There are 2 protein chains.
Amino acid sequence: MARSDGGERRPGVRERQREETRRALLREGRTLFAGRGYADVGLAELVAAAGVTKGALYHHFPGGKTDLFRAVLDEVQQEVGARVAAAADVHDDEWSRLTAGCREFLAAATAPGIDRIMLVDGPAVLGWNAWRAMDEAASARHLAESLAALVEEGTLAPQPVPPLVHLLSGAMNEAALWLASSDEGPEALEETTAALLRMVAALRGA
Amino acid sequence: MARSDGGERRPGVRERQREETRRALLREGRTLFAGRGYADVGLAELVAAAGVTKGALYHHFPGGKTDLFRAVLDEVQQEVGARVAAAADVHDDEWSRLTAGCREFLAAATAPGIDRIMLVDGPAVLGWNAWRAMDEAASARHLAESLAALVEEGTLAPQPVPPLVHLLSGAMNEAALWLASSDEGPEALEETTAALLRMVAALRGA
DNA sequence: GCGTTGACATACCATCGGTATGTCCAGATA
DNA sequence: TATCTGGACATACCGATGGTATGTCAACGC
């Protein structure tokens, strides 16, 4: 159970190799899933790209293909969530935190290799409920907390927060998908971000 | 080429049987896809449920499983689009048409057997671009036209319409998914519809 | 009536996700 | 330091599934 030494972290060649294999699987999985979609990627090419075999994949991800995808999705969600949180945290007032977070979400979700995994295959592969739970934990929670705080401080009119969270979350997801697909450069991102923030701002008067 | 008769429509036992088979495939496909999702439905059980064989499926839908799904999705989209259009058409002023359409969309999309096909599997199976094109033709076009008219008549401030279409479309899609999954009865639908209409109404002041 | 063709049914195949088993070496133990 | 145990894989294999190629039979035009 407990280490015999004083809590030292000595990696050991064993654990290091393990981590490296897992990272390779995650990395190649992310690249392939982002590029051609979950369904069009076979396990054979996936493990070949990672330089391992199916045995390794099932050792690290007992649930197989979907389990690896879940791990990839989680990684992507965490990254996006972290970017949103970081963008919000540079501001003090709650309203700026919200708008900065929204802006950053659009930028992060439209970055290459994000939208297909996070917004298209995610719900289809894991089911909408599981996907929503992960999204909630990673990104939507920030949005929910921000909106709740704004209602609390009176900036937004008293109203049930959950519906608002879903409406805004859905609006941003679809906008990200649109921007990422018909990529017309950064001016489209700016225009859409402006439209989003106009809509959010309009809520203050409601 | 041309019929020898004067343009009469005599079905013929041949064509009638053909239509019946196609309808059976469509019906069973829709039921199964809605119930367990595209990936979890095998062709074997699908054609068995329809009382035909794989030969029939590939005869009517050369593209196979995805082709059948595309036809099912198209049917679903058309139905939802028709409901939205019908709800809007009972009003004369453009603003009422928009709000009625939004309300009806939420009701239609949260009806049993709609959301999974239209909003989850649709984008993943056919790709987001193809899905968006179908959605555009069936439902989002109404939204786009309505918003454009409202900007035109000055009810909404001058602004680019396409971003707004995507934001609102995405908001409604996500809301429908949420309502359909964690089904808490019609009061949740009312509450969310109210939140949506509040948000839309807020745009008038922006 | 008769050949043609459309609307399927049957038989078959390749591939893919998943599993069961084998192997080898790092590290704990004595 | 000799041993030996278990973790981290590799290899071999399997059933199922989507897809195809071929066969069949009756409706319809002539």
Side-chain angles (χ1 to χ4, degrees), chain A residues 1-5 8-26 28-29 32-33 36-72 121 124-126, chain B residues 1-26 28-29 32-33 36-72 121 124-126:
Chain A
M1 292 281 181
R3 296 262 182 173
S4 53
D5 57 83
E8 284 279 330
R9 278 291 157 195
R10 272 189 294 168
V13 58
R14 198 70 176 277
E15 187 172 349
R16 223 177 42 195
Q17 182 63 31
R18 173 183 169 84
E19 277 304 306
E20 191 175 333
T21 299
R22 182 187 164 86
R23 295 283 288 267
L25 252 359
L26 241 22
E28 298 302 327
L32 288 169
F33 289 151
R36 307 209 318 273
Y38 178 83
D40 281 11
V41 176
L43 286 188
E45 67 168 326
L46 214 167
V47 297
V52 295
T53 64
K54 287 205 271 189
L57 196 156
Y58 279 88
H59 183 70
H60 285 275
F61 305 96
K65 199 182 172 188
T66 65
D67 211 0
L68 171 62
F69 179 81
R70 192 191 332 270
V72 169
D121 283 337
V125 173
L126 303 178
Chain B
M1 289 285 180
R3 295 261 182 174
S4 52
D5 58 84
E8 284 278 329
R9 277 291 160 197
R10 272 189 294 167
V13 57
R14 198 68 178 276
E15 188 173 347
R16 225 177 40 196
Q17 182 62 31
R18 174 182 167 85
E19 276 305 307
E20 191 174 333
T21 298
R22 183 187 162 87
R23 295 283 287 268
L25 252 359
L26 241 22
E28 297 303 325
L32 287 170
F33 290 150
R36 308 208 315 273
Y38 177 83
D40 281 10
V41 176
L43 285 189
E45 66 168 327
L46 214 168
V47 297
V52 295
T53 65
K54 286 203 271 188
L57 196 156
Y58 279 88
H59 184 70
H60 286 276
F61 304 96
K65 198 183 173 188
T66 64
D67 212 359
L68 171 62
F69 179 80
R70 192 190 334 269
V72 168
D121 283 336
V125 173
L126 304 178

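Throughout, protein chains are lettered first and strands after them, A, B, ... in sequence-line order, and every chain is numbered starting at 1. These numbers come from a predicted model, not from an experiment.
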* Can you list the residues that meet the side-chain contact (heavy atoms from CB on, under 4.5 Å) rule with B:Phe69, with sequence neighbours excluded? -> B:Phe33, B:Tyr38, B:Leu73, B:Ile117, B:Asp121, B:Val125, B:Leu126
Please tabulate, one pair per line, each protein N/O and nucleotide N/O from nucleotides 14-17 of chain D that are separated by under 3.5 Å, including the distance.
none

* To do: Using the test side-chain contact (heavy atoms from CB on, under 4.5 Å), find all partners of B:Arg36 that sit at least two apart in sequence or belong to another chain.
  => B:Leu32, B:Asp40, B:Val41, B:Glu45
* Structure fact -> Taken to the nearest whole Å, OH/A:Tyr58 to P/C:dC16 is 13 Å
* Which pairs with one or both residues in residues 16-26 of chain B pass side-chain hydrogen bond (donor to acceptor under 3.5 Å, both in side chains), sequence neighbours excluded? -> none
* Asked: Which heavy atom of B:Ala71 sits nearest a heavy atom of B:Leu26, and at what distance?
  -> CB-CD1, 3.7 Å
* Round to the nearest Å and state the distance from A:Asp67 atom CG to C:dT19 atom P. => 12 Å
* Closest approach of A:Tyr58 to A:Gly64 (non-hydrogen atoms, all atoms of both residues) -> CE2-CA, 3.4 Å
* Structure fact -> Applying side-chain contact (heavy atoms from CB on, under 4.5 Å) to B:Ala24 and not counting sequence neighbours gives B:Arg27, B:Ala50
* Rounded to whole angstroms, how far apart are CZ on A:Arg16 and P on C:dG27? -> 9 Å
* Asked: B:Val52 and side-chain contact (heavy atoms from CB on, under 4.5 Å): which partner among B:Val47, B:Leu46, B:Leu57?
  -> B:Val47
* Expressed in angstrom and rounded to an integer, what is the separation of B:Leu25 atom CG from C:dC8 atom C1'? -> 11 Å
* Asked: Does any pair with a residue in residues 54-70 of chain A pass salt bridge (Lys or Arg N to Asp or Glu O under 4.0 Å), and if so which ones, sequence neighbours excluded?
  -> A:Asp67-A:Arg70
* Structure fact -> One would report the end-axis bend of the helix from C:dG1-D:dC30 to C:dA30-D:dT1, five pairs per end and rounded to 10 degrees, as 10°
Restricting to nitrogen or oxygen on both sides, can you table the protein-nucleotides 9-13 of chain D pairs closer than 3.5 Å?
from, atom 1, to, atom 2, distance (Å)
D:dC9, OP1, A:Thr21, OG1, 2.9
D:dC9, OP2, A:His60, NE2, 2.9
D:dA10, OP2, A:Thr53, N, 2.8
D:dA10, OP2, A:Thr53, OG1, 2.6
D:dA10, O5', A:Thr53, OG1, 3.4

* To do: Rounded to the nearest angstrom, tell me the gap between atom CD in B:Glu15 and atom C1' in C:dC8.
  => 16 Å
* Specify the separation, in whole Å, of atom CG of A:Asp40 and atom P of D:dG19. => 11 Å
